[in-house]
Enquirer: 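Have a look at this one before I ask anything.
On a predicted model such as this, the values are computed, not experimentally measured, just so you know.
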Amino acid sequence: MAQFSLFDTGPQVLIDDASGRVVYTPDVVPAATAQDWFARLFEGVAWRGGRRLMYEREVDVPRLRAHFDLADPALPAPLHEALAAVREAVDAPFTSVGLSLYRDEHDSVAPHNDKLEDLVRGQPIALLSLGATREMVIRAKRPPRRVLHLDLAAGSLLLMDHTSQFHYDHGIPKQRAPMGPRISLAFRVRPIAP
């Protein structure tokens, strides 16, 4: 099991082999900028909840969500700015951004991989973190069951290539200690609808 620290600087290559490439880069966005975007999005986005079937009963999704097409003229200004910062770090033609608001330590997302049919093959997923630091767990789907625990700090970028979605699940577990809110911006390249 690998544990990565908030005190490491520069890009950290977590995985780089036939199973995919995952790179974590702290401080892609300065702390003050990350805080400004967090505050503006926290107050300015129409967050929505959701329900899902789990263990044969319907439950609340344990986080709030929003989604924007990056070509939308109504795209909030902080998302324009965040897209520019991500594009400086990643050469990809991102077309959409999914936002997740983890309100406190009780909010989470179960281990999953992104739905491959919703992604353009060969294009990465870039996760920009704003707000409180939260742990992400990245776990191999097959033996040997490699597990990475990573603290996603405000202003950091986690880049996962397309191949990694076949071999790894990622999730944000619930925490025991009190935590402030966090917003995750997930930039993706979606297929063009026919």
Enquirer: If you draw a 6.0 Å radius around CZ in Arg40, do more than 12 non-hydrogen atoms from other residues or ligands fall strictly inside?
Expert: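 Check passes, neighbour count above 12.
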
Enquirer: Are Tyr168 and Lys141 close enough that some pair of their side-chain heavy atoms sits under 4.5 Å apart?
Expert: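 Of all side-chain heavy-atom pairs linking Lys141 with Tyr168, none is under 4.5 Å.
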
Enquirer: Is any side-chain heavy atom of Thr25 less than 4.5 Å from a side-chain heavy atom of Gln12?
Expert: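 No - every pair of side-chain heavy atoms lies 4.5 Å or more apart.
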
Enquirer: Are Val109 and Leu41 linked, directly or through intermediate hydrophobic residues, by side-chain heavy-atom contacts shorter than 4.5 Å (ILVMFWY only)?
Expert: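 No, Leu41 and Val109 fall in different hydrophobic clusters.
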
Enquirer: Side chains of residues 172-185: which donor-acceptor partners sit under 3.5 Å, not counting sequence neighbours?
Expert:
{"from": "Lys174", "atom 1": "NZ", "to": "His106", "atom 2": "O", "distance (Å)": "2.7"}
{"from": "Lys174", "atom 1": "NZ", "to": "Ser108", "atom 2": "OG", "distance (Å)": "3.3"}
{"from": "Gln175", "atom 1": "NE2", "to": "Pro173", "atom 2": "O", "distance (Å)": "3.3"}
{"from": "Arg182", "atom 1": "NH2", "to": "Ser129", "atom 2": "OG", "distance (Å)": "2.8"}

Enquirer: What are the two closest heavy atoms between Val61 and Arg103, and how far apart are they?
Expert: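 So the two residues come closest at O-NH2, 4.4 Å.
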
Enquirer: Might you point out which heavy atoms bring Ser164 and Val22 nearest each other, and give the distance in Å?
Expert: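 Nearest heavy atoms, Ser164 then Val22: CB-CG2, 4.0 Å.
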
Enquirer: Which value, rounded to the nearest 0.5 Å, describes the distance between Met160 atom CE and Asp114 atom CG?
Expert: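 Reported to 0.5 Å precision, the distance equals 5.5 Å.
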
Enquirer: Which is it for Asp16 and Arg21 under the salt bridge (Lys or Arg N to Asp or Glu O under 4.0 Å) test, yes or no, and what are the steps along the way?
Expert: CA-CA 4 Å; Asp16 190 9; Arg21 181 173 170 85; 2.7 Å; yes

Enquirer: According to a 4.5 Å side-chain heavy-atom criterion applied to Ile, Leu, Val, Met, Phe, Trp and Tyr, with indirect links allowed, do Phe38 and Val97 form part of one hydrophobic cluster?
Expert: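 Yes, because Phe38 and Val97 connect within a single hydrophobic cluster, where side-chain heavy atoms sit under 4.5 Å apart.
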
Enquirer: Are the side chains of Arg121 and Leu116 in touch, meaning some heavy atoms are under 4.5 Å apart?
Expert: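 The answer is no; the side chains never approach within 4.5 Å.
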
Enquirer: Hydrophobic cluster membership, with links at side-chain heavy-atom distances under 4.5 Å among I/L/V/M/F/W/Y: are Phe94 and Val29 in one?
Expert: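 Result: yes, single cluster for both.
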
Enquirer: Using side-chain hydrogen bond (donor to acceptor under 3.5 Å, both in side chains) as the criterion, list what pairs up with Ser156, not counting sequence neighbours.
Expert: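 So Ser156 forms a side-chain hydrogen bond (donor to acceptor under 3.5 Å, both in side chains) with Tyr24.
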
Enquirer: Do Leu148 and Ile15 touch side chain to side chain, with heavy atoms closer than 4.5 Å?
Expert: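 Side chain of Leu148 against side chain of Ile15, heavy atoms only: contact under 4.5 Å found.
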
Enquirer: Let me see the working for Asp17 and Arg146 under salt bridge (Lys or Arg N to Asp or Glu O under 4.0 Å), right down to the final yes or no.
Expert: CA-CA 13 Å; Asp17 57 27; Arg146 177 187 209 177; 3.8 Å; yes

Enquirer: Could you check whether any side-chain heavy atom of Gln165 comes within less than 4.5 Å of a side-chain heavy atom of Lys115, counting everything from C-beta outward?
Expert: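 Not touching, per the 4.5 Å side-chain cut-off.
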
Enquirer: Got a list of side-chain donor-acceptor pairs under 3.5 Å for residues 64-77, not counting sequence neighbours?
Expert:
{"from": "Asp69", "atom 1": "OD1", "to": "Ala71", "atom 2": "N", "distance (Å)": "2.8"}
{"from": "Asp72", "atom 1": "OD1", "to": "Ala74", "atom 2": "N", "distance (Å)": "2.7"}

Enquirer: Are Leu83 and Leu157 connected, step by step, through hydrophobic side chains (Ile, Leu, Val, Met, Phe, Trp, Tyr) whose heavy atoms are closer than 4.5 Å?
Expert: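 Yes; tracing contacts between hydrophobic side chains, which count when under 4.5 Å, links both residues.
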
Enquirer: Report yes if some heavy atom in the side chain of Val90 is under 4.5 Å from a heavy atom in the side chain of Pro124; otherwise report no.
Expert: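 Of all side-chain heavy-atom pairs linking Pro124 with Val90, at least one is under 4.5 Å.
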
Enquirer: Let me check something: do Leu158 and Leu79 share a hydrophobic cluster, defined by ILVMFWY side-chain heavy atoms less than 4.5 Å apart, either directly or through other members?
Expert: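 No; Leu79 is not reachable from Leu158 via cluster members.
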
Enquirer: Within the side chain of His112, is there an N or O that forms a donor-acceptor pair under 3.5 Å with the backbone of Ala110?
Expert: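 Side chain of His112 to backbone of Ala110, a donor-acceptor pair under 3.5 Å: yes, one is there.
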
Enquirer: Answer yes or no: is there a donor N or O on one side and an acceptor on the other, between the side chain of His170 and the main chain of Arg139, under 3.5 Å?
Expert: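 No, His170 side chain to Arg139 backbone: no donor-acceptor pair under 3.5 Å.
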
Enquirer: Grab the two heavy atoms, one from Pro11 and one from Val23, that are nearest each other, plus how far apart they are.
Expert: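 Pro11 and Val23 have their closest heavy atoms at CB-CG1, 4.1 Å.
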
Enquirer: Indicate the atoms forming the closest heavy-atom contact of Thr133 with Ala154, along with that distance.
Expert: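 Scanning both residues completely, I find the closest heavy atoms to be OG1-N, 4.4 Å.
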
Enquirer: So do the side chains of Asp169 and Ile138 get within less than 4.5 Å of each other, counting heavy atoms only?
Expert: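 No, every pair of side-chain atoms sits at 4.5 Å or beyond.
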
Enquirer: In terms of relative ring orientation, are His162 and Phe166 parallel, tilted or perpendicular, with 30° and 60° separating the classes?
Expert: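 Plane angle over 60°, so perpendicular.
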
Enquirer: Going by the side-chain hydrogen bond (donor to acceptor under 3.5 Å, both in side chains) test, which pairs reach into residues 86-99, not counting sequence neighbours?
Expert: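 Listed by first then second residue: Ser96-Arg190.
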
Enquirer: Which heavy atom in Trp37 sits nearest to a heavy atom in Ala85, and how many Å separate them?
Expert: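 Heavy atoms of Trp37 and Ala85 come nearest at CH2-CB, 4.1 Å.
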
Enquirer: Under a 4.5 Å cut-off applied to non-hydrogen side-chain atoms, are Phe42 and Leu130 in contact?
Expert: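 Side-chain contact under 4.5 Å: no.
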
Enquirer: Identify, with sequence neighbours excluded, every residue that meets salt bridge (charged side-chain N to carboxylate O under 4.0 Å, His left out) alongside Arg48.
Expert: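 Salt bridge (charged side-chain N to carboxylate O under 4.0 Å, His left out) check on Arg48 returns nothing, list empty.
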
Enquirer: What closest approach, in Å, do Ala82 and Leu128 show between heavy atoms, and which atom pair accounts for it?
Expert: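 In terms of heavy atoms, the two residues are closest at CB-CD2, 3.9 Å.
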
Enquirer: Check salt bridge (charged side-chain N to carboxylate O under 4.0 Å, His left out) between Asp161 and all other residues, then give those that pass, not counting sequence neighbours.
Expert: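 Result, salt bridge (charged side-chain N to carboxylate O under 4.0 Å, His left out) vs Asp161: none returned.
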
